[in-house]
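Letters A, B, ... are given to chains in the order of the sequence lines, protein chains preceding strands, and every chain is numbered from 1. Both backbone and side-chain heavy atoms feed into the values below; hydrogens, waters and symmetry mates do not.
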Amino acid sequence: MKSLKARLEELFEQLFAHYGAQNWWPAETPFEVMLGAVLTQNTAWANVEKAILNLKKLSELNPQALLAMPRELLAEAIRPSGYFNLKAERVQNLCALLADNRELHKLADLELRGQLLGVTGIGPETADDILLYAFQRPVFVIDAYTRRLLGRIGWIDADIAYEDLRQTIEQALAGDTEYYNEFHALIVIHAKRVCCKQPRCSDCHLSTLCSYPGN
DNA sequence: ACCCAGGGTCATA
DNA sequence: TATGACCATGGG
């Protein structure tokens with residue numbers, strides 16, 4: 001029986017061999033990463049891109065500017081990303097944390113995670129996206145794709161708690177920031193393949209890794 | 001017309 | 001602790 005570490009590393013190799021380096025997260029600045037992390041909650045990335053583009057036309061992308069913006073105006077700009085009233089509030093909650101604590105980058109990983117989770121609207125996955133892709137901390141992000149993929153392969157229980165799964169994988173891999181960055185990006189890119197969105201996945205080179213819910 | 005998307009909060013039992 | 005309602009747009 002192969003160890004979890006060996007199986008995960010093999011999975012990484014297969015994905016990397018097919019898709020190559022992804023250079024994530026798609027954003028120009030760390031703050032834009034954080035913004036995207038909130039806006040993409042339960043939302044297709046294409047809609048988030050529209051929202052961010054709208055916002056860039058109205059304002060500089062920094063915490064002070066978005067805090068100064070009337071919430072209604074912010075909400076209207078991010079409308080395409082869905083839940084726009086809710087997300088306008090969440091974005092400003094995050095901005096408030098960033099604006100009145102300029103030393104966040106000096107905090108240890110766990111402290112920083114605690115600060116992020118303290119923001120209403122930032123849950124475990126959004127916090128980990130921010131930790132990994134904005135603050136370059138070694139965190140393995142668990143999202144719906146990751147659960148679906150690992151669940152489908154039969155490596156995890158469907159109902160394992162977020163923290164338990166994250167720590168199980170991090171303990172097994174003991175990877176660095178760059179490795180976790182690439183790994184999560186590959187899982188998402190793989191899940192977005194057209195063939196992985198079909199009920200049956202026959203032409204996928206990695207058919208056994210297809211993450212469509214019904215497979 | 002339906003389903004889903006790079007989730008999270010809050011009220012209730 | 002564990003469900004369920006709610007948030008809302010856009011593409012397939």
Side-chain angles (χ1 to χ4, degrees), chain A residues 15 19 21-27 30-55 71-97 113-135 137 139-152 157-166 169 180-201 209-215:
Chain A
L15 291 171
Y19 302 108
Q22 299 300 310
N23 300 312
W24 263 32
W25 177 292
F31 179 68
E32 192 179 323
V33 172
M34 303 189 216
L35 190 58
V38 171
L39 295 184
T40 199
Q41 290 171 355
N42 202 39
T43 298
W45 181 252
N47 291 354
V48 177
E49 290 183 311
K50 295 173 189 170
I52 291 180
L53 203 56
N54 286 345
L55 207 47
R71 183 161 297 174
E72 300 173 357
L73 184 58
L74 174 58
E76 196 53 40
I78 64 173
R79 173 184 284 273
S81 70
Y83 310 131
F84 50 87
N85 290 314
L86 191 61
K87 286 176 178 175
E89 182 177 350
R90 291 179 177 183
V91 164
Q92 289 188 321
N93 290 345
L94 170 63
C95 288
L97 173 70
R113 192 162 200 274
Q115 290 293 309
L116 292 169
L117 289 175
V119 175
T120 301
I122 295 185
E125 184 185 335
T126 306
D128 287 344
D129 279 335
I130 292 173
L131 284 165
L132 177 59
Y133 292 108
F135 287 95
R137 306 304 175 91
V139 168
F140 190 98
V141 177
I142 309 295
D143 60 3
Y145 292 150
T146 309
R147 276 180 184 283
R148 205 176 285 164
L149 178 56
L150 298 184
R152 175 179 143 70
D157 293 335
D159 54 350
I160 183 173
Y162 184 97
E163 267 321 282
D164 293 341
L165 180 53
R166 182 173 73 87
I169 294 180
Y180 290 149
N181 176 323
E182 201 59 52
F183 211 145
H184 180 242
L186 286 167
I187 288 173
V188 175
I189 289 300
H190 174 64
K192 288 166 118 165
R193 286 179 57 96
V194 173
C195 73
C196 291
K197 297 182 175 181
Q198 310 299 325
R200 289 286 178 263
C201 179
L209 302 182
C210 185
S211 59
Y212 185 82
N215 284 1

Ionic contact status for E72(A) with R79(A), cut-off 4.0 Å
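Salt bridge flag = no for E72(A) with R79(A).
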
Looking at R113(A) and D128(A), is any side-chain nitrogen of the basic one under 4.0 Å from a carboxylate oxygen of the acidic one?
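Result for this pair is yes, salt bridge flagged.
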
What's the [atom1]-[atom2] distance between [X] and [N], to the nearest Å?
| X | N | atom1 | atom2 | value |
| --- | --- | --- | --- | --- |
| R148(A) | dC3(B) | CZ | C1' | 12 Å |
| I142(A) | dG8(B) | CD1 | P | 12 Å |
| L39(A) | dG7(B) | CG | C1' | 12 Å |
| I122(A) | dT9(B) | CD1 | P | 9 Å |

Kindly say whether the aromatic ring centers of F140(A) and H184(A) come within a distance under 6.0 Å.
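No, the ring centres sit 6.0 Å or more apart.
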
If only side-chain N and O atoms count, and only distance matters, is there a donor-acceptor pair under 3.5 Å linking D129(A) with T126(A)?
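The answer is no; no qualifying pair exists.
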
Residue pair [X] / [Y], side-chain heavy-atom distance below 4.5 Å:
| X | Y | value |
| --- | --- | --- |
| I130(A) | V33(A) | no |
| I142(A) | R147(A) | yes |
| P80(A) | N54(A) | yes |

Below 4.0 Å: OP1/OP2 of dG8(B) and any side-chain N or O of T126(A)
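T126(A) to dG8(B) OP1/OP2: side-chain N or O found under 4.0 Å.
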
Any side-chain N or O of R147(A) under 4.0 Å from OP1/OP2 of dG7(B)?
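The answer is no; no side-chain N or O of R147(A) sits under 4.0 Å from OP1 or OP2.
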
For a stem of at least 3 consecutive Watson-Crick or G-U pairs with distances under 3.5 Å, i pairing with j, i+1 with j-1 and so on, which stems involve DNA chain B?
B:2-5 with C:9-12, B:7-13 with C:1-7

Spacing of the P atoms in dA5(C) and dC3(B) (rounded, Å):
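Nearest-Å result for dC3(B) against dA5(C) at atom P: 15 Å.
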
Verdict with reasoning, K87(A) to E76(A), per salt bridge (Lys or Arg N to Asp or Glu O under 4.0 Å):
CA-CA 11 Å; K87(A) 286 176 178 175; E76(A) 196 53 40; over 6 Å; no

Base, backbone or nothing for each nucleotide of nucleotides 5-11 of chain C, written B, S, -, heavy atoms under 4.0 angstrom, 5' to 3'?
--BBBSS

